[in-house]
Amino acid sequence: MSIGVGHHSLLLAAMADGVGDLTFASAEWVRHAGDALAVAVEKHGSGLADLDAFTFCEVAHNPPAYLAVGGPLAWHARFEGAEVTVATGELAANACDLKVEADHSIMSNLARLEYQGRNPVVVAAARQRLMKLTRIEMHGELPSHPVLGVVLRDLHDAMAPRTMPRFVFMTPEWVSSAREILTARATSAKYADGIKEVVYTFSEEFTDTPEYAFPDGSHGGFWVHVNHGQITVGAGPLPTEHEPADHLTKGVYTPVVPVGRTVNAAVTDADKAEQATYSKAAFRRDSASGAFPVQQTSPSGRGPMPDDLGRVFLPLHDELSKRTSGELPADFDESIRDEWATPQHFDRRPDYDPSWLNYDEVDIYGNARR
């Protein structure tokens with residue numbers, strides 16, 4: 001299947017450009033969705049006059065922990081002909097004509113799919129892939145009203161660029177968000193002049209990756225090469241032509257995941273205490289090998305990152321954390337040890353039921369598991 005020039009990912013080829021700025025089904029997202037739906041209804045109002053009362057609700061389980069919402073995020077809309085109201089919150093199934101429930105990460109990525117101007121074959125394939133990765137619960141159905149379908153499609157395309165994706169930690173699609181963020185900052189008027197003389201290579205690489213996310217056994221990670229203001233961001237281990245790295249983080253994938261998706265700007269004192277306890281267990285020196293699970297070095301010996309480049313990188317951790325999916329490798333691999341099999345409050349609610357995920361049948365690329 002041809003997925004378009006410049007795209008090596010089915011999902012990215014079908015998604016809106018950029019990295020979004022709103023968390024799916026959050027209060028701010030719902031407010032903007034209400035505005036977008038009002039515009040669509042006004043545009044097509046005459047065609048909705050004969051629409052019977054219709055209510056739909058979407059429920060997204062396991063939203064980002066930093067939001068501290070205490071449960072799933074949900075929103076709903078009620079149509080009465082050409083009148084519509086939108087609000088946050090979940091409705092009972094018997095109060096809806098259509099209710100959809102699934103994992104928040106998958107629903108976020110479904111909301112990122114764009115229909116207007118996209119190859120419909122690619123969009124349909126991307127949607128099918130995402131639908132395989134979560135247990136979708138649907139109560140009721142969408143009425144076969146032609147104008148309602150157009151209105152909902154307008155709403156979807158209006159919100160697709162605003163919705164933040166949530167990709168699996170350190171996969172190539174996850175790195176695409178890092179590329180967007182760093183490139184935008186490095187080429188902006190605010191930062192471009194400060195790095196025009198900088199030559200620097202940054203690399204993070206994680207081994208022992210879980211099969212559900214890296215079915216070919218490849219290492220996870222990303223690298224950044226800056227050459228006199230020109231910035232290149234790639235996925236996986238650092239290519240040999242850019243070695244040696246000036247900053248190299250190398251470690252084991254699984255224990256890093258919870259820490260890798262914290263949003264530092266939102267952590268509480270309780271979160272900090274729990275992170276410290278977790279890190280003490282997860283990152284201690286291995287008694288047999290004497291090695292630490294994560295090590296940071298400077299193979300080039302050139303020292304720390306220049307301050308001007310550091311300012312480009314400054315928000316990267318938090319912005320990527322907001323866009324990182326909420327699974328744990330232990331959700332799919334019973335052999336993973338208890339230290340990193342137990343959910344952490346700072347990372348996700350311990351009572352979350354991961355059976356919403358469906359990686360036991362397919363990997364994250366939609367391929368049948370071996």
Side-chain angles (χ1 to χ4, degrees), residues 9-16 19-20 22-26 29-30 33 56-67 69 71-75 90 98-115 118 122-139 142 152 155-157 159-174 176-177 210-215 257 261 320-332 343 347-349 352-369:
S9 162
L10 178 67
L11 290 190
L12 295 179
M15 284 183 172
V19 292
L22 301 176
T23 299
F24 176 74
S26 64
W29 187 96
V30 173
F56 75 88
C57 177
E58 292 187 320
V59 183
H61 295 263
N62 194 30
Y66 79 93
L67 295 174
V69 293
L73 282 173
W75 76 290
E90 180 179 355
L98 174 63
K99 182 176 181 179
V100 181
E101 298 185 63
D103 174 75
H104 186 276
S105 298
I106 301 301
M107 294 189 82
S108 298
N109 291 342
L110 285 167
R112 288 277 301 168
L113 300 181
E114 201 168 49
Y115 293 91
R118 299 281 176 172
V122 172
V123 175
R127 181 176 176 81
Q128 182 181 36
R129 172 185 150 186
L130 287 168
M131 296 283 279
K132 289 180 178 179
L133 302 182
T134 183
R135 190 182 83 232
I136 299 277
E137 283 197 0
M138 300 183 68
H139 308 274
L142 191 69
L152 294 178
L155 166 65
H156 192 284
D157 278 3
M159 295 306 297
R162 302 298 307 271
T163 304
M164 290 192 288
R166 294 188 67 199
F167 294 129
V168 176
F169 182 65
M170 289 290 166
T171 58
E173 287 165 339
W174 183 92
S176 72
S177 294
E211 184 185 357
Y212 81 93
F214 300 86
V257 173
R261 58 187 177 210
L320 289 177
S321 294
K322 296 173 185 177
R323 295 166 175 84
T324 301
S325 59
E327 80 297 318
L328 283 172
D331 295 337
F332 322 107
D347 183 46
R348 84 174 189 202
R349 289 172 55 86
Y352 167 68
D353 179 4
S355 66
W356 283 104
L357 301 169
N358 196 34
Y359 291 114
D360 57 330
E361 297 179 10
V362 295
D363 61 40
I364 65 167
Y365 304 102
N367 302 314
R369 289 287 302 275

Next item on the list: Just say parallel, tilted or perpendicular for the rings of Trp356 and His61, cut-offs at 30° and 60°.
Entry: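 Judged by the thresholds at 30° and 60°, the geometry between Trp356 and His61 is parallel.
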What is the minimum heavy-atom distance between [X] and [Y], and which atoms define it?
X: Asp363; Y: Pro215; answer: OD2-CG, 3.5 Å
X: Trp75; Y: Ala25; answer: CD1-CB, 4.3 Å
X: Pro72; Y: Pro63; answer: CA-CD, 4.1 Å
X: Val122; Y: Ala13; answer: CG1-CB, 4.0 Å
X: Ala102; Y: Thr134; answer: CB-OG1, 3.8 Å
X: Arg348; Y: Gly326; answer: NH1-O, 3.2 Å

Next item on the list: Apply the side chain to side chain contact (heavy atoms under 4.5 Å, CB included) test between Val59 and each candidate in His104, Glu137, Glu90; give the one that qualifies.
Entry: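 Among the candidates, only Glu90 passes.
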Next item on the list: With Pro165 as reference, evaluate Asn109, Thr324, Leu11 under the side chain to side chain contact (heavy atoms under 4.5 Å, CB included) test and give the passing residue.
Entry: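 Checked Asn109, Thr324, Leu11 against Pro165; only one passes side chain to side chain contact (heavy atoms under 4.5 Å, CB included): Asn109.
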Note to self: Checking Phe332 against Leu357 for the side chain to side chain contact (heavy atoms under 4.5 Å, CB included) test, could you report, in this order, the C-alpha distance in whole Å, the side-chain angles of both residues, the deciding distance, and whether it holds?
What the structure shows: CA-CA 9 Å; Phe332 322 107; Leu357 301 169; 3.4 Å; yes
Kindly say whether [Y] contributes a backbone atom to a donor-acceptor pair with the side chain of [X] at under 3.5 angstrom?
X: Arg129; Y: Leu10; answer: no
X: Arg261; Y: Asp347; answer: no
X: Arg162; Y: Gly20; answer: no
X: Asp331; Y: Leu328; answer: yes
X: His139; Y: Glu101; answer: no

From [X] [atom1] over to [Y] [atom2], what is the distance, rounded to the nearest 0.5 angstrom?
X: Asn62; Y: Met107; atom1: CG; atom2: CE; result: 13.0 Å
X: Ser108; Y: Met164; atom1: OG; atom2: CE; result: 8.0 Å
X: Phe24; Y: Thr163; atom1: CZ; atom2: OG1; result: 7.5 Å
X: Thr23; Y: Arg323; atom1: OG1; atom2: CZ; result: 8.0 Å
X: Asp103; Y: Ile136; atom1: CG; atom2: CD1; result: 9.0 Å
X: Met15; Y: Ser9; atom1: CE; atom2: OG; result: 7.5 Å

Next item on the list: List the steps, then state whether side chain to side chain contact (heavy atoms under 4.5 Å, CB included) holds for Thr171 with Phe214.
Entry: CA-CA 8 Å; Thr171 58; Phe214 300 86; 3.8 Å; yes
Notebook entry, point to check: Do the charged groups of Glu173 and Arg112 touch, with an N to O distance under 4.0 Å?
Noted result: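 No, Glu173 and Arg112 are not salt-bridged.
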Notebook entry, point to check: Any side-chain heavy atom of Met131 sitting closer than 4.5 Å to one from Leu110?
Noted result: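 A side-chain contact under 4.5 Å exists here.
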Notebook entry, point to check: Is the shortest heavy-atom distance from the side chain of Val168 to the side chain of Trp174 under 4.5 Å?
Noted result: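 No, too far: nothing below the 4.5 Å cut-off.
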Next item on the list: For Tyr352, enumerate each residue passing the ring pair (Phe, Tyr, Trp, His ring centres under 6.0 Å) test, keeping only those at least two apart in sequence or located in another chain.
Entry: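 Result, ring pair (Phe, Tyr, Trp, His ring centres under 6.0 Å) vs Tyr352: none returned.
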Next item on the list: Evaluate the side chain to side chain contact (heavy atoms under 4.5 Å, CB included) criterion for residues Ser177 and Phe167: first the C-alpha distance (whole Å), next the side-chain angles of each, then the deciding distance (0.1 Å), finally the verdict.
Entry: CA-CA 9 Å; Ser177 294; Phe167 294 129; 4.1 Å; yes
Next item on the list: Quick one: do Val123 and Glu114 satisfy side chain to side chain contact (heavy atoms under 4.5 Å, CB included)? Show the steps, please.
Entry: CA-CA 7 Å; Val123 175; Glu114 201 168 49; over 6 Å; no
Check: Where do Asp353 and Arg135 land on the salt bridge (charged side-chain N to carboxylate O under 4.0 Å, His left out) test, with the steps shown first?
Finding: CA-CA 11 Å; Asp353 179 4; Arg135 190 182 83 232; 5.2 Å; no
